[in-house]
Asker: 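Quick one: the structure is below, and I'll ask about it shortly.
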Amino acid sequence: MHMEKKELLLKMKEELSRYQIGFHNIGLKKYQNVLELCEDTKDAFLIDTEITEKNIAEHIMKTGLNIVKDYGGLSSTVWFFDKQKDTSLDYTYNHIELGTVWNIIAGVPNPLSYNNKEYFLGDLQYATNVGNLMLFDKRLPKEFIYGYYGIKIVDKKCENSYVNNDFIYDDVLEFYSNPEFFEYLGKEEKDFVLDNLFLNKKRALENLKAANNDSYLPLLFKTSSEKHIIQSTRKQIKEYIKSYN
């Protein structure tokens, strides 16, 4: 649906107050490169409709976001931001020309409530934390996609500018909401989503529990890499809680 940019910003402010928010910009050339270069995993990225940026965004909203550079985790393809601003929706990564850009809006609960306990995932603006490198390293389930939108770059502040901040965006956009977004689900549905998430992520759940515990004991028998990620997550949790109190 078409709406003013400020309307979507207000909607996000009301519905995503306990979420970390990020954008994934759709790039047609990048998508085609994935199909050509990732022969062994390309089936996960194929869509059954005409290949357009809007259709790719629709497909991701319905099926989830698969991550090509899983060694870099979620932050390798989703840009998470700190505080929402009036210009937050003015975003592109792959485009340098005038025209419509399409962005996925990721929304990840922080803290994440599971089995009557709350777990902070770390600050997803940073690469090194449990949420980014262990929990959502390969895929962001569709339930953590708020929706997607198309917004026009209508002008540039400088003719030869290739920097996102120098682009001028329209005040109206086209937004598509995900009816299966996590916040819209009932408790049983949320539990089902998280049970499925942690089914093949038991080690990630253990490390998430360790990151939400200041004791040294949970670090015993962890690999050096896990210890580093857990300790980084602990620091981010403290800063995150402090900044939002």
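Owing to the predicted nature of the structure, the values given are computational and were not obtained by experimental measurement.
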Asker: Calculate, to the nearest 0.5 Å, the distance between atoms NE2 and CG belonging to His59 and Asn66 respectively.
Answerer: 7.5 Å
Asker: Taking all non-hydrogen atoms of both residues, which atom of Leu140 and which atom of Ala106 are closest, and how far apart?
Answerer: CD2-CB, 3.7 Å
Asker: Under 3.5 Å, is there a donor on one side chain and an acceptor on the other for Asp195 and Tyr114?
Answerer: yes
Asker: Distance-only, no hydrogens or angles: does the Asn129 side chain make a donor-acceptor pair with backbone N or O of Tyr126 under 3.5 Å?
Answerer: yes
Asker: For Tyr93, look at atom OH and say whether over 12 heavy atoms of other residues, nucleotides or ligands are found less than 6.0 Å away.
Answerer: no
Asker: Would you say His24's side chain and Val78's backbone share a donor-acceptor pair under 3.5 angstrom?
Answerer: no
Asker: Quick one: does Asn94's side chain have a donor or acceptor within less than 3.5 Å of a partner on Asn25's backbone?
Answerer: yes
Asker: Could you give me the CA-CA distance, side-chain angles and deciding distance for Tyr146 and Asn178, then say whether side chain to side chain contact (heavy atoms under 4.5 Å, CB included) is met?
Answerer: CA-CA 6 Å; Tyr146 182 64; Asn178 179 11; over 6 Å; no
Asker: Does NZ belonging to Lys227 count more than 12 external heavy atoms closer than 6.0 Å?
Answerer: yes
Asker: Give the intermediate values and the outcome of salt bridge (charged side-chain N to carboxylate O under 4.0 Å, His left out) for residues Lys201 and Glu206.
Answerer: CA-CA 9 Å; Lys201 291 284 185 178; Glu206 289 177 8; over 6 Å; no
Asker: Hey, are Asp86 and Lys5 close enough for a salt bridge, meaning a charged N less than 4.0 Å from a carboxylate O?
Answerer: no
Asker: Is Ile67 close to Leu74 at the side-chain level, that is, under 4.5 Å between some pair of heavy atoms?
Answerer: yes
Asker: For residues Ile145 and Ile105, determine if any side-chain heavy atom of one lies less than 4.5 Å from a side-chain heavy atom of the other.
Answerer: no
Asker: Are the side chains of Val172 and Lys152 in touch, meaning some heavy atoms are under 4.5 Å apart?
Answerer: no
Asker: Salt bridge check: are Glu239 and Arg234 linked by an N-O gap of less than 4.0 Å?
Answerer: no
Asker: State whether Lys11 and Glu15 are salt-bridged, where the test is any N-O pair (Lys NZ or Arg NE/NH1/NH2 against Asp/Glu carboxylate O) under 4.0 Å.
Answerer: yes
Asker: Would Lys238 and Asp123 pass as an ion pair if we require N to O under 4.0 Å?
Answerer: no
Asker: Under the side chain to side chain contact (heavy atoms under 4.5 Å, CB included) criterion, do Ile229 and Met134 qualify, and how do the steps go?
Answerer: CA-CA 9 Å; Ile229 293 171; Met134 295 179 173; 3.5 Å; yes
Asker: How close do Leu133 and Ala127 get, heavy atom to heavy atom, and via which atoms?
Answerer: CG-O, 3.2 Å
Asker: If hydrophobic clusters are built by linking Ile, Leu, Val, Met, Phe, Trp and Tyr wherever their side-chain heavy atoms come under 4.5 Å apart, do Ile96 and Val154 end up in the same one?
Answerer: no
Asker: Taking the side chain from His95 and the backbone from Ile26, do they hold a donor-acceptor pair closer than 3.5 Å?
Answerer: yes
Asker: If you measure from CD1 on Ile21 to CG on Asn110, what distance do you get to the nearest 0.5 Å?
Answerer: 11.5 Å
Asker: Just by distance, do the side chain of Asn132 and the backbone of Asp137 share a donor-acceptor pair under 3.5 Å?
Answerer: no
Asker: Which distance, rounded to the nearest 0.5 Å, do you find between the CG of Leu205 and the CZ of Phe198?
Answerer: 5.0 Å
Asker: Can you list the steps and then say if Tyr184 with Ser177 is a side chain to side chain contact (heavy atoms under 4.5 Å, CB included)?
Answerer: CA-CA 11 Å; Tyr184 303 152; Ser177 177; 3.8 Å; yes
Asker: Would Leu28 end up clustered with Ile104 when hydrophobic side chains under 4.5 Å apart are linked, directly or stepwise?
Answerer: yes
Asker: Are Trp102 and Ile153 co-members of a hydrophobic cluster defined by side-chain heavy atoms under 4.5 Å apart?
Answerer: yes
Asker: For the CG atom of Asn200 and the CZ atom of Arg139, what is their distance to the nearest 0.5 Å?
Answerer: 11.5 Å
Asker: Do you know which two heavy atoms are closest between Gly72 and Ser75, and how far apart they sit?
Answerer: O-OG, 3.6 Å
Asker: Just so I know, are the side chains of Gln84 and Met12 near enough to count as touching, which here means a heavy-atom distance under 4.5 Å?
Answerer: yes
Asker: Answer with yes or no whether the side chains of Glu58 and Tyr176 bring together a donor and an acceptor at under 3.5 Å.
Answerer: no
Asker: Hey, are the side chains of Ile151 and Asp90 touching, using non-hydrogen atoms and a 4.5 Å cut-off?
Answerer: yes
Asker: Would you name the heavy atoms of Ser113 and Leu194 that are closest together and state the gap between them?
Answerer: O-CD1, 3.1 Å
Asker: Is there a side-chain contact between Lys156 and Ile168, using heavy atoms and a 4.5 Å cut-off?
Answerer: no
Asker: Taking CZ in Phe192 as the centre, count heavy atoms belonging to other residues, nucleotides or ligands within less than 6.0 Å. Is the count above 12?
Answerer: no
Asker: So, are Glu226 and Arg203 salt-bridged, with charged N and O less than 4.0 Å apart?
Answerer: yes
Asker: For Glu50 and Asn55, does a side-chain donor sit closer than 3.5 Å to a side-chain acceptor?
Answerer: no
Asker: To the nearest 0.5 Å, what is the distance between CG on Leu8 and NZ on Lys13?
Answerer: 13.5 Å
Asker: In terms of side-chain heavy atoms, does Lys222 have a donor or acceptor partner in Asn207 at a distance below 3.5 Å?
Answerer: yes
Asker: Would Glu118 and Leu112 count as a side chain to side chain contact (heavy atoms under 4.5 Å, CB included) here? Give the steps.
Answerer: CA-CA 5 Å; Glu118 291 192 331; Leu112 184 67; over 6 Å; no
Asker: Taking the side chain as everything from C-beta on, heavy atoms only, tell me whether Glu189 gets closer than 4.5 Å to Glu180.
Answerer: no
Asker: With ring centroids as reference points, do Phe144 and Phe136 lie under 6.0 angstrom apart?
Answerer: yes
Asker: Hey, which of Phe80, Phe181, Phe182 is the one that makes ring-ring contact (aromatic ring centres under 6.0 Å, His included) with Tyr19?
Answerer: Phe181
Asker: Hey, could you give me the CD/CG distance between Glu7 and Asp171, rounded to the nearest 0.5 Å?
Answerer: 11.5 Å
Asker: Out of curiosity, does Leu9 fall in the hydrophobic cluster containing Tyr148 (side-chain heavy atoms, cut-off under 4.5 Å, transitive links)?
Answerer: yes
Asker: Give a yes or no on this: more than 12 heavy atoms of other residues, nucleotides or ligands lie within 6.0 Å of atom NZ of Lys235.
Answerer: no
Asker: Identify the two heavy atoms, one from Ile56 and one from Ile51, that lie closest to each other, and give their separation to 0.1 Å.
Answerer: CD1-CG2, 4.1 Å
Asker: Count I, L, V, M, F, W, Y as connected when their side-chain heavy atoms are under 4.5 Å apart, and connections chain through other members. Are Phe81 and Val101 then in the same cluster?
Answerer: yes
Asker: Answer whether the closest heavy-atom distance between the side chains of His2 and Leu173 falls below 4.5 Å.
Answerer: no
Asker: What closest approach, in Å, do Thr63 and Lys142 show between heavy atoms, and which atom pair accounts for it?
Answerer: C-CB, 4.0 Å
Asker: Would you call the rings of Tyr149 and Phe23 parallel, tilted or perpendicular if under 30° counts as parallel and over 60° as perpendicular?
Answerer: perpendicular
